[in-house]
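Each remark here refers to the structure printed beneath this line.
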2 protein chains.
Amino acid sequence: MGYTLEEIARLAGVSRSTVSRVINHHPSVRPEVRERVWRIIREVGYQPHAAARNLATRRSRIVGVVIPEALPKFFSDPYFPAVLRGISDALTERSYHLMLSLLSPQQEEDFYQRALRGRLVDGIIVISAQITDPLIRQAYQEGLPVISVGRYPQEPGVSYVDVDNVGGGRMATDHLLRLGRRRIATIAGPQTRAPGIDRLEGYRAALRAWGIDPPPEWIAEGDFTEIGGYVAMRRLLSARPDAVFAASDLMAVGAMKAIREAGLRIPEDIAIVGYDDVELARFTDPPLTTVRQPIYELGRIAVRLLLSQLEEGAREPQQVVLPTELVIRASCGALQERGALEPRGASLSGWD
Amino acid sequence: MGYTLEEIARLAGVSRSTVSRVINHHPSVRPEVRERVWRIIREVGYQPHAAARNLATRRSRIVGVVIPEALPKFFSDPYFPAVLRGISDALTERSYHLMLSLLSPQQEEDFYQRALRGRLVDGIIVISAQITDPLIRQAYQEGLPVISVGRYPQEPGVSYVDVDNVGGGRMATDHLLRLGRRRIATIAGPQTRAPGIDRLEGYRAALRAWGIDPPPEWIAEGDFTEIGGYVAMRRLLSARPDAVFAASDLMAVGAMKAIREAGLRIPEDIAIVGYDDVELARFTDPPLTTVRQPIYELGRIAVRLLLSQLEEGAREPQQVVLPTELVIRASCGALQERGALEPRGASLSGWD
DNA sequence: GTTTATTTTGGGAGCGCTCTCATAGGAGGA
DNA sequence: TCCTCCTATGAGAGCGCTCCCAAAATAAAC
């Protein structure tokens, strides 16, 4: 423990430089020498000192992953673990390390100073940024490598990966239209955040394509939670919709409750489509038709974009939007065997 | 961008050493000089280079958090996010950074080499180790700072934080005994992992204290999953128990299904207590009495132990066991208003 | 067998910081 | 007023690596 390059060099009877070349797989070392050096390295269990290397190369091979305001959402939402897995897998493949920061807004500034400007990390990936995330803006303006998971409209030059929320909203609404529904209401997400805005935009686009102009009373705003969906749905009921597109599964669940309380049937009286495909969606009554997003991929691609900046020096903003997928279950009325998958009590494994 | 100590020194008209003292809050700098230096630092936005500092101090202020085999469990289990939050909060308070590694067994070795022996991290916290985790053992044997979240019986000197699984099992079982149940069966967790072993031990201890010696047919082993609980319960039914202690909530849910299929009522015919207090436990029918663990604290304390090794050079193994808490709902029969909390359909927010 | 080109190796100079030690001022005591 | 004792500051030597450049060894060309 605690060997240095110098000592390995001495043991192998070569110079420091040669050992350095061996570790870094530089071609111009005689195979015989290379072998000898490796043997010594393995023998004594030598491992180059990370800080020394980082200092000399001016690279740390560490990527910061920032989850602002993680505290409430990090729990319930399967979103974060999935993105994180994607990021982690992709980084590991490329021999990078992942520095995780669950930050409150006050801590963000401090983090930024220490980690990014102090070159502790080579770049950062910010997940689910507020629409005006100062971290992203600051990093971007100083030319430090940053990728946003979720589009970042404030600063058009910021690279991001996002899911096609407009497309997802359109797909969900279009599906209801094709099933013959015409009075399609929506429970939109908060209009302060990109997913909320985009999914509503998709809803509008789909209706527009069918020549329908939704009146204001078809649109209610929720906050992505179950209660929010419930409250919004009660308001929408007076418009007598025959279908609802909810911008999150949780809101869809709340909406289903309100619909049932009003004595209406799902999907016969009101069809419903959610968004996210959370695990729960398979176990609602009836199972929820919903929009699935490639969340794991989101993480992987964020890494790919960041490393292309880091290693190939890509300068122009790269903006990737991934397509979504419609998962058809019974709540939209497209399936015959409605109720067949209905669970007894709450259940998570899906085996019953 | 890219200022060095030297340059700040020149700008402030002092030496490098003095600037270094200022940043490190060394007392012996004249207040007037200190102020002048700080002003320059703020003005140019200077930030010390992390790698240079790490090299000189031989400390990185980074702690590695290793979650082996994260892939399947990281999702469903609220355990990991909670521990992670505890760790993250505690580290942030002490100005440490968190390096997260979601590792497959093959990657563990590589990680160990690079991160720990290369001094990329000052120490590691391993969550939910396999009972024979090689990472922990290797680190421990080389004297590198490692804390296990969950006890590590293989190597008695390893420091760990754990939850009192024996106490939790005893508490759950004792509760059923106090409610008058006498034929108490258990669905134990896998006997290859500490929580499984310990909770069963607690069950035994509680019965022993009441002079009851559970026959083998009262004990079935599950794998912590819902199916596992279902299968185990079907086996147990032939022993005609009047209560069951399931070593996980998921198994309890499976057991409830089996009980109901057998035409028996909960809690009248068979009372049931689970373990973990997962979110779902509030929404089963009837709501599940269960054992809650201080998971967030687990993370915080892991950090405290690690830093006491790192900063105060604590050498002797520190082993902390946290108490659990019994959350009484209707499934054990202790509550009158059974069914009052019963949800309609699936629901997560608990507001209905 | 030279000369020239090429590959392999070694030495030196950093990377940007900390930390010990020596020195220059000042304060305090006689 | 002089000497002693602190306190504030500066200089220098690393920390352990990479990378450039020149030297040595080898191969190729004449």
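So you know, we letter chains A, B, ... as the sequences are listed, proteins then strands, and number each from 1. If you're wondering where the values come from, they're calculated on a predicted model, not measured in any experiment.
Residue-level contact check: B:S28 touches the bases, meaning some heavy atom is under 4.0 Å from a base atom. Nucleic acid contact for A:N54: none, since no nucleic acid atom lies under 4.0 Å from a heavy atom of the residue. When heavy atoms are screened at a 4.0 angstrom cut-off, A:S17 is found touching base atoms of the nucleic acid.
Each of A:R16 and A:R21 was assigned the nucleotide of DNA chain C with the nearest heavy atom; the assignment lying further toward the 5' end belongs to A:R21.
Under the 30°/60° scheme for interplanar angles, the aromatic rings of A:H97 and B:F111 are found to stand perpendicular.
Contact annotation: B:S15 does not reach the phosphate of D:dA11 (side-chain N/O to OP1 or OP2, under 4.0 Å). Between B:Y46 and C:dC17 there is a side-chain N or O to OP1 or OP2 distance below 4.0 Å. Side-chain N/O atoms of A:T57 include none lying less than 4.0 angstrom from OP1 or OP2 on D:dC19. Taking side-chain N and O atoms only, A:R53 has a distance below 4.0 Å to OP1 or OP2 of D:dT18.
For the pair A:H25 NE2 and D:dC17 P, the computed distance is 16 Å after rounding to whole Å. At whole-Å resolution of the value, CG in B:L55 and C1' in C:dT18 are 10 Å apart. Atom CG of B:L5 and atom P of D:dA11 are 14 Å apart (whole Å). Whole-Å rounding puts the A:R10 CZ to D:dG16 C1' distance at 15 Å. Here C:dC17 presents its C1' atom at 13 Å from CD of B:Q47, a figure rounded to the nearest Å. One can place NE2 of B:H26 at 16 Å from C1' of C:dC17, the figure rounded to the nearest angstrom. Between the NE2 atom of B:H49 and the P atom of D:dC17 there is a distance of 16 Å, rounded to whole Å. The nearest whole Å value for the distance from the CD1 atom in B:I8 to the C1' atom in C:dT18 is 17 Å.
Donor-acceptor pairing under 3.5 Å, judged by distance alone, is absent between the side chain of B:R58 and the base of D:dG16.
To the nearest 0.5 Å, atoms CD1 (B:I41) and CG (B:L5) are separated by 8.0 Å. Between B:L100 atom CG and B:L84 atom CG the span is 5.5 Å, to the nearest 0.5 Å. Here the CG-OG distance, from A:L135 to A:S148, works out to 10.0 Å after rounding to the nearest 0.5 Å. In this structure, CE on B:M99 lies 9.5 Å from CG on B:L116, to the nearest 0.5 angstrom.
Stacking of A:R61 on the aromatic ring of A:Y96 is recorded, both the 6.0 Å distance cut-off and the 45° axial limit being met.
One finds no salt bridge joining A:E142 and A:R137 here, because no Lys/Arg side-chain nitrogen approaches an Asp/Glu carboxylate oxygen to under 4.0 Å.
In the displayed structure, A:R42 atom CZ is contacted under 6.0 Å by more than 12 heavy atoms of other residues, nucleotides or ligands.
Distances were taken from every side-chain heavy atom of A:V14 (C-beta onward) to each of D:dC17, C:dG10, C:dT18; the shortest belongs to C:dG10.
Only A:V29, A:R30, A:V33, listed by number, bring a heavy atom of residues 29-37 of chain A to less than 4.0 angstrom from any atom of DNA chain C.
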